[in-house]
Amino acid sequence: MINKKVNNVHEALQGIENGMTIMLGGFGLCGIPENSIAELVKKETMDLTCISNNAGVDNFGLGLLLQKRQIKKMISSYVGENAEFESQMLSGELDVELIPQGTLAERCRAAQAGIPAFFTPAGYGTEVAEGKEAREFNGKMHLMEYAFKADFAIVKAWKGDEAGNLVFKGTARNFNPCMAGAAKITIAEVEELLPVGSLDPNEIHIPGILVNRIFQGVKYEKRIEQRTVIKIFCLWL
């Protein structure tokens with residue numbers, strides 16, 4: 001029986017070294033691999049290239065790595081909630097590649113599927129198109145985009161089993177599924193780790209063949225990036 005379980009986050013992140021390229025799942029602060037990010041901070045791994053939809057906030061998520069100057073390049077789509085990111089980008093300290101969100105997701109999915117490149121209309125005629133091959137399809141111009149090449153992909157799931165099968169919950173099913181299997185090694189941290197056979201096959205979102213290591217995380221904060229509340233007034237007649 002295939003068993004991809006490792007005992008803890010320290011074992012899961014073995015092999016991550018300075019200068020590597022890492023994909024990290026999540027959307028805003030939703031579905032991010034909190035334990036793995038904290039371990040990278042602890043390991044003091046430097047000069048990382050991080051591929052993630054966003055860059056966390058100042059004191060949480062990838063913002064923790066930015067505070068320690070552990071990221072040299074950020075490949076993202078949305079970065080508007082992080083003042084530290086803004087400061088490092090404007091000063092030239094941080095190399096930044098901004099990508100349309102759909103293109104970012106598709107470059108992950110293409111890497112997962114083994115597709116080297118694809119054409120998309122997103123970004124044509126803008127700065128995004130500089131230096132890229134353009135081709136016309138059905139009367140519309142498209143840009144050629146390459147699949148990502150990453151050393152590690154780190155994803156976070158709700159439940160998983162020891163064979164690496166994953167189930168995501170709610171909006172945590174964002175960039176996590178398309179990053180699983182999109183790098184040389186995929187690490188999954190899960191809230192609940194179960195024996196093989198415990199998951200309903202019809203509910204599995206990512207098969208274990210796309211996962212190399214899996215461990216059960218602890219003490220998830222699950223912060224809300226922007227808390228919005230509505231005041232409700234009741235009038236009693």
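As the structure is a prediction and not an experimental result, all values here were calculated from the model.
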Just checking L90: does its CG atom have more than 12 heavy atoms from other residues, nucleotides or ligands closer to it than 6.0 angstrom? yes
Take N35 and F215, measure what side-chain contact (heavy atoms from CB on, under 4.5 Å) needs, and give me the verdict at the end. CA-CA 10 Å; N35 286 238; F215 72 96; 4.1 Å; yes
Measure the spacing between CG of L66 and CD of E86 and express it to the nearest 0.5 Å. 12.5 Å
Inspect the surroundings of CD1 in I209 and state if more than 12 heavy atoms from other residues, nucleotides or ligands are less than 6.0 Å away. no
Please determine whether residues L210 and I204 belong to a single hydrophobic cluster, defined as Ile, Leu, Val, Met, Phe, Trp and Tyr linked transitively by side-chain heavy-atom distances below 4.5 Å. no
Output the distance between atom CD (E192) and atom CG (L199), rounded to the nearest 0.5 Å. 8.5 Å
If hydrophobic clusters are built by linking Ile, Leu, Val, Met, Phe, Trp and Tyr wherever their side-chain heavy atoms come under 4.5 Å apart, do L104 and M144 end up in the same one? no
Would you mind checking if E93 and R69 are paired as a salt bridge, meaning a charged N to carboxylate O distance below 4.0 Å? yes
Counting only heavy atoms not in K43, do more than 12 fall under 6.0 Å of its NZ? yes
With a 6.0 Å cut-off (strictly less than), is the heavy-atom count around CZ of R173, excluding the residue itself, greater than 12? no
Please list all pairs passing the ring pair (Phe, Tyr, Trp, His ring centres under 6.0 Å) test where one or both residues lie in residues 138-160, with sequence neighbours left out. F137-H142
Taking C-beta and beyond as the side chain, do F175 and S52 meet within less than 4.5 Å on heavy atoms? no
Using modelled atom types only, decide if a donor and an acceptor are shared between the side chain of D58 and the backbone of E84 within a distance under 3.5 Å. yes
Should we count OH of Y124 as having more than 12 external heavy atoms under 6.0 Å? no
Measure from NZ or CZ of K156 to the centre of the six-membered ring of Y220 and say whether it is under 6.0 Å with the direction within 45° of the ring axis. yes
Residue K42 excluded, over 12 heavy atoms near NZ under 6.0 Å: no
I'd like to check L193 versus D161 (side-chain heavy atoms, cut-off strictly below 4.5 Å). Are they in contact? no
Counting distance only, does the side-chain N/O of Q14 pair as donor-acceptor with the main-chain N or O of H10 below 3.5 Å? yes
Using only atom types and a distance under 3.5 Å, with no angle test, would you say the side chain of E162 pairs donor to acceptor with the backbone of P195? no
Donor-acceptor contact present, side-chain N18 to main-chain M46, <3.5 Å: yes
So, using salt bridge (charged side-chain N to carboxylate O under 4.0 Å, His left out) as the criterion, who are the partners of K72 when residues are at least two apart? none
What residues, two or more places apart in sequence or in another chain, satisfy side chain to side chain contact (heavy atoms under 4.5 Å, CB included) together with A38? none
Between Q70 (side chain only) and L40 (backbone N and O only), is there a donor and an acceptor less than 3.5 Å apart? yes
Following the transitive rule for hydrophobic clusters with a side-chain heavy-atom cut-off under 4.5 Å over Ile, Leu, Val, Met, Phe, Trp and Tyr, establish whether I16 and I37 coincide in one cluster. yes
Counting distance only, does the side-chain N/O of Q112 pair as donor-acceptor with the main-chain N or O of A180 below 3.5 Å? yes
Do N165 side-chain atoms and G160 backbone N/O form a donor-acceptor pair below 3.5 Å? no
Answer whether the closest heavy-atom distance between the side chains of I185 and D151 falls below 4.5 Å. no
Identify whether I71 and M89 are in the same connected component of the hydrophobic contact network (ILVMFWY, side-chain heavy atoms under 4.5 Å). yes
Compare all side-chain heavy atoms of L62 with those of F85 and state whether any distance is below 4.5 angstrom. no
Answer yes or no: is there a donor N or O on one side and an acceptor on the other, between the side chain of T186 and the main chain of N212, under 3.5 Å? no
Give a yes or no answer on whether the side chain of S76 reaches the backbone of Y78 with a donor-acceptor pair at less than 3.5 Å. no
Nearest atoms (heavy-atom pairs only) where K159 meets L194: CD-CD1, 4.3 Å
Nearest-0.5 Å distance that lies between atom CZ in F27 and atom OG1 in T171: 9.0 Å
Thinking salt bridges, do E44 and K68 make one under a 4.0 Å N-O criterion? no
Could you walk me through whether T49 and I22 pass the side-chain contact (heavy atoms from CB on, under 4.5 Å) check? CA-CA 6 Å; T49 295; I22 304 176; over 6 Å; no
Ion pair check, E97 and K73, cut-off under 4.0 Å: yes
In Å and rounded to the nearest 0.5 Å, what is the CZ to CG distance from F118 to L143? 10.0 Å
Can you check whether R107 reaches I99 side chain to side chain, under 4.5 Å on heavy atoms? yes
Has the side chain of K140 got a donor or acceptor atom that lies under 3.5 Å from a matching backbone atom of E136? no
Between the side chains of Q101 and N53, does any donor sit under 3.5 Å from an acceptor? yes
pair V211-L166: side-chain heavy atoms closer than 4.5 Å: yes
Shortest non-hydrogen separation from C178 to A105 and the atoms involved: SG-O, 4.0 Å
Rounded to the nearest 0.5 Å, the SG atom of C50 sits from the CE atom of M23 at a distance of 11.5 Å
side-chain contact (heavy atoms from CB on, under 4.5 Å) between V6 and I214: does it pass, once the steps are laid out? CA-CA 6 Å; V6 295; I214 188 169; over 6 Å; no
Euclidean distance, T21 OG1 relative to D47 CG, rounded to 0.5 Å: 11.0 Å
For the residue pair T103 / E145, report whether a side-chain donor-acceptor contact shorter than 3.5 Å exists. no
With side chains defined as the heavy atoms from C-beta onward, is the minimum distance between V155 and P33 less than 4.5 Å? no
I'd like to know whether N174 forms a side-chain contact (heavy atoms from CB on, under 4.5 Å) with C30, so could you lay out the CA-CA distance, the side-chain angles of the two residues, the decisive distance to 0.1 Å, and finally the verdict. CA-CA 9 Å; N174 40 55; C30 176; 4.2 Å; yes
Do L13 and E39 have side-chain heavy atoms sitting under 4.5 Å apart? yes
Group every Ile, Leu, Val, Met, Phe, Trp and Tyr by side-chain heavy-atom contacts under 4.5 Å, then state whether L29 and V218 land in the same group. no
